[in-house]
Amino acid sequence: MEGPFYIEVCRLEFNGMTVSRSLKRQSPTPAGNTATWFLDKCRNMSSRPSTRFMASLLLLLFYSLADSFADLPSQFQAQQELTNITKSAILPTCPCRRAAAFLEMDSKNGNECPKNITEASQIRHGLTLLDADFFNDIKVLEIAKGAKEFNIPIIRANRKLVASTNGGLHNPSPLVFNPEWSKEQSQGKASRFNHPSASGIQRPNNEEDIAFMSVLELGELIKKKQITSEELTGIFLKRLRRYNSVLESVVTYTEDLAYQQAKEADKLLSQGVHLGPLHGIPYGLKDIISVPLYKTTWGSTTFKNQVLNIEAWVYKRLKSAGAVLVAKLVTGSLAYDDIWFGGRTRNPWNIEEFSTGSSAGPAACTSAGMIPFAIGSETAGSITYPASRCGVTALRPTFGSVGRTGVMSLSESLDKLGPFCRNAADCAVILDAIRGKDPDDLSSRDIPFGDPFSVDITKLTVGYLDDADMEVVHVLESKGVKVVPFKLNYTVDSVQGILNFTMDVDVLAHFDEWQRSGKDDDYEAQDQWPVELRRARVVSAVDYLQAQRARGKLIQEVKENFNVDAFIGNATDWERVCMGNLVGLPVIVVPTGFKNISNPPPTGTRRRTTVNTGIYAPPNHDHIALALAMAYQSATNHHKQRPPIDDLGSNDTIPNPPTVPIPPRRLHM
């Protein structure tokens, strides 16, 4: 016998149990029940007393038939409190009386029963988005009642307390991620690195050569008074203005502040006070880092006039080291990719391409010799991707190395600040200046790094992955490093999903008001944060915590299988980017060469595609990665090459818009 009549008469739901004429046993509850089906069918005629009475009689008949078809299980005889459907009425155990009770309630409450059943169906559809549609109608309505009466008041109270302001600058979570692998916590204050001096350096004759000198070289020129900080600041401000129209990499020039700081640096030096290798050195900050009296736009139309009178901790550290802030540099809008309210940042090595990653400005400006170094950030790829695209050396340090007070927050367990530089030695110098415990950042730590300038690399064992740049492997081997084939094994197969859950939910917590007020409609790239954060709205707290448990399993497995001192591999492999950020691994991106661009003009071009690799180390071992990168760069000169911004080659012009297809954007935060 087939058809809906057979199904509805011979397969009925009572108190969460299914009764079947053919099976006469317990089985999982279907999505609906007899009452739901029947009342849905009769909804249009339920307003007429006669037809509603007939419908109730038919329902009574159905229950009577079901009673004769089945040996009902004992659970069916127990009374069930149907609080949400029947206003706390207790239905009789006998199916005939049970149907009569429905009839009585229907006569008293009008359409209340069909209304509640429809509500349960609608809520169940919502629960499918949470993979939680396994509740019967009674439990679904209990959930709704509990959410309305208990959950929502608490949610609103908490939101009022901590979520009225966007960006996560205040009220950080006390749940702190610590990537430390050792069971014993590091003790004592970290000592400073014993960096070398660039002795014998002479001032070049032209400003172009000065612009591409390293931090250590420029520091030596200032220390020896071959150039003043004020003069150097003028050189870099000029270059920033010259190339910004092409690269779209600068948000705000901090010219007044820069000259004030430069003059102070020169004054101190004239008094015999030298603050170290960054004394008088110009630099730029990604525009999620706040500086008093200047706009901190977060790259977003919504916040483009925002001034945060907060002195970011990393800015304080650089100011105390004597560095000179010359510009706030482009961040992708709300630290996502390279699109911002003023345009889209380009790659100096091939200006038909874009820079990728939200640290677009720091990467492009450093690559083009517009600044000696810059501070960027990474949540999931925003140091590694733009550094690789723009051909600069950059360090994503161990999570917690650098304090984040005064920095727009995406994810408190993933966000990291790191330097973009000319070479690895400069990265070490910058890390030394900005690392340490930030009293207002619960995740920051005073990590006792070893001195990268004192590491004996001949005592290291370094693995190389299948996608490693073999030139790096061979150079390090020639310098006495033991190199071995390596594969980092782990069984967790949802690494990318774990990162998405972690990041997206955290971001939404910091931009809850932004979404609720509809400001996401003004976002510069609608396929980015708006879509992801709407999806994040239906990630349950349970599933978020399950993702963190899976993250813990990943960390443990990576720790157990990381049996080398460091390893070499592609810096932009997406799985590896996700894994490294979840675990808290440091990585330094190193330029290793160039190749021809795709579809070059027939007359030739000087534009190039940069080639690079990553050197990864365990948490708290950034000095190992830095030492290996310095060893490689001491034998090569890829990092010293200059992009062809002024001279693309004979007859090479850049069409606007570009003809080169740009790969679809990914999560490069």
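Numbers here are sequence positions counted from 1.
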**Item:** Evaluation steps, side chain to side chain contact (heavy atoms under 4.5 Å, CB included), between Leu508 and Val539
**Value:** CA-CA 11 Å; Leu508 185 54; Val539 176; over 6 Å; no

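- The closest side-chain heavy-atom distance from Phe373 to Leu318 is below 4.5 Å.
- Between Leu626 atom CG and Asp426 atom CG the span is 11.0 Å, to the nearest 0.5 Å.
- When all heavy atoms of Lys459 and Asp565 are compared, the closest pair comes out as O-OD2, 4.1 Å.
- If you check the side chains of Gln528 and Glu532, you find no donor sitting under 3.5 Å from an acceptor.
- In the model, Ser443 has no side-chain atom that pairs as donor or acceptor with a side-chain atom of Glu412 under 3.5 Å.
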**Request:** For the pair Met213 and Ile201, evaluate side chain to side chain contact (heavy atoms under 4.5 Å, CB included) and give the outcome as yes or no after the intermediate values.
**Result:** CA-CA 10 Å; Met213 295 180 78; Ile201 295 295; 3.5 Å; yes

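- Looking only at side-chain heavy atoms (C-beta outward), Phe486 and Thr461 stay at 4.5 Å or farther from each other.
- Here the side chain of Thr345 pairs a donor or acceptor atom with the backbone of Glu248 at under 3.5 angstrom.
- The backbone N or O of Gly403 sits nowhere less than 3.5 Å from a side-chain atom of Ser444 that would complete a donor-acceptor pair.
- When each of Val583, Ile555, Leu554 is checked for a side-chain contact (heavy atoms from CB on, under 4.5 Å) with Tyr490, only Leu554 meets the rule.
- In this structure, the salt bridge (charged side-chain N to carboxylate O under 4.0 Å, His left out) partners of Lys319, at least two apart in sequence or on a different chain, are Glu311.
- Under the 4.5 Å side-chain criterion, counting only non-hydrogen atoms from C-beta, Asp469 is not in contact with Val590.
- For the salt bridge (charged side-chain N to carboxylate O under 4.0 Å, His left out) test, no residue two or more places apart in sequence or in another chain qualifies with Arg422.
- Put simply, the side chain of Lys316 does not reach to within 4.5 Å of the side chain of Thr405, judged on heavy atoms.
- Contacts classified as side chain to side chain donor-acceptor pair (under 3.5 Å) and involving residues 624-636 (residues at least two apart or in different chains) are given here: Thr393-Gln633, Glu471-Tyr632, Lys479-Ser634.
- Within the 3.5 Å criterion, the main-chain N or O of Ser388 finds a donor-acceptor partner in the side chain of Asn612.
- By the 6.0 Å and 45° rule, Arg608 does not stack over the aromatic ring of Phe594.
- Closest approach of Pro277 and Leu216 over heavy atoms only: CB-CD2, 4.1 Å.
- A salt bridge between Asp287 and Lys328 is present, with a side-chain N of the basic residue lying under 4.0 Å from a carboxylate O of the acidic one.
- Looking only at distances, a side-chain donor or acceptor of Glu378 sits under 3.5 Å from a matching main-chain atom of Thr384.
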**Message:** Could you walk me through whether Arg551 and Ser413 satisfy the side chain to side chain donor-acceptor pair (under 3.5 Å) test, starting with their C-alpha distance in whole Å, then the side-chain angles of each, then the deciding distance to 0.1 Å, before giving a yes or no?
**Reply:** CA-CA 11 Å; Arg551 180 182 184 180; Ser413 70; 2.8 Å; yes

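- Atom CG of Asp131 has 12 or fewer heavy atoms from other residues, nucleotides or ligands within 6.0 Å.
- Aromatic ring pairs are classed by plane angle as parallel below 30°, tilted from 30° to 60° and perpendicular above 60°; the pair Trp529 and Tyr336 is perpendicular.
- Counting non-hydrogen atoms of other residues, nucleotides and ligands closer than 6.0 Å to NZ of Lys437 gives a total above 12.
- The minimum heavy-atom distance between Asn620 and Thr398, with the atom names listed, is N-OG1, 2.8 Å.
- For the residue pair Asp415/Thr379, the side-chain donor-acceptor check at 3.5 Å is satisfied.
- Distance CZ/Arg344 to OG1/Thr356: 9.0 Å, rounded to 0.5 Å.
- Note: Phe567 and Phe562 meet the aromatic proximity criterion, with ring centroids under 6.0 Å apart.
- Between Arg435 and Asp622 there is no salt bridge, since none of the side-chain N atoms of the basic residue sits less than 4.0 Å from a carboxylate O of the acidic one.
- Taking a cutoff of 4.0 Å between a charged side-chain nitrogen and a carboxylate oxygen, Lys487 and Asp466 do not qualify as a salt bridge.
- Residues Arg576 and Asp467 have side chains in contact (heavy-atom distance under 4.5 Å, counting atoms from C-beta outward).
- In plain terms, the two heavy atoms of Ile588 and Ala625 that are nearest each other are CG2-O, 3.7 Å.
- The closest side-chain donor-acceptor pair between Ser197 and Glu220, if any, does not fall under 3.5 angstrom.
- Atom-to-atom distance recorded for Phe193:CZ and His623:NE2 is 8.5 Å, nearest 0.5 angstrom.
- Minimum interatomic distance between Asn570 and Asp573 (heavy atoms only, all atoms of both residues): OD1-N, 3.3 Å.
- For the atom pair Ser401 OG and Lys416 NZ, the distance stands at 10.0 Å (nearest 0.5 Å).
- With Leu628 as the partner, the side-chain contact (heavy atoms from CB on, under 4.5 Å) test is satisfied by one option alone out of Val472, Leu460, Val455: Leu460.
- Counted by atom type alone, Tyr544 and Asp504 present zero donor-acceptor pairs between their side chains at under 3.5 Å.
- Two residues are said to be in side-chain contact when any heavy atoms from C-beta on lie closer than 4.5 Å; Tyr385 and Asp337 fail this criterion.
- Rounding to the nearest 0.5 Å gives a distance of 4.5 Å between SG of Cys578 and CG of Leu499.
- Arg396 places a side-chain N or O within donor-acceptor distance of the main-chain N or O of Leu585, the cut-off being under 3.5 Å.
- Counting only distance, with no hydrogens or angles, the side chain of His510 and the backbone of Leu410 share a donor-acceptor pair below 3.5 Å.
- For the pair Gln548/Phe177, no side-chain contact is recorded, criterion being any heavy-atom separation below 4.5 Å from C-beta on.
- Taking both residues in full, the closest heavy atoms of Arg404 and Ser411 are given as NH1-O, 4.0 Å, listed atom of the first, atom of the second, then distance.
- Expressed to the nearest 0.5 Å, how far CD of Gln546 lies from CZ of Phe501 amounts to 10.5 Å.
- Side-chain atoms of Tyr283 and Ile430, non-hydrogen and from C-beta on, never get closer than 4.5 Å to each other.
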**Message:** Evaluate Arg389 against Ser367 for side chain to side chain contact (heavy atoms under 4.5 Å, CB included), listing each step before the verdict.
**Reply:** CA-CA 10 Å; Arg389 174 65 63 87; Ser367 174; over 6 Å; no

**Message:** What verdict does the side chain to side chain contact (heavy atoms under 4.5 Å, CB included) test give for Met408 and Thr331, after you've listed the backbone C-alpha separation in whole Å, the side-chain angles of each residue and the deciding distance to 0.1 Å?
**Reply:** CA-CA 11 Å; Met408 189 199 84; Thr331 170; over 6 Å; no

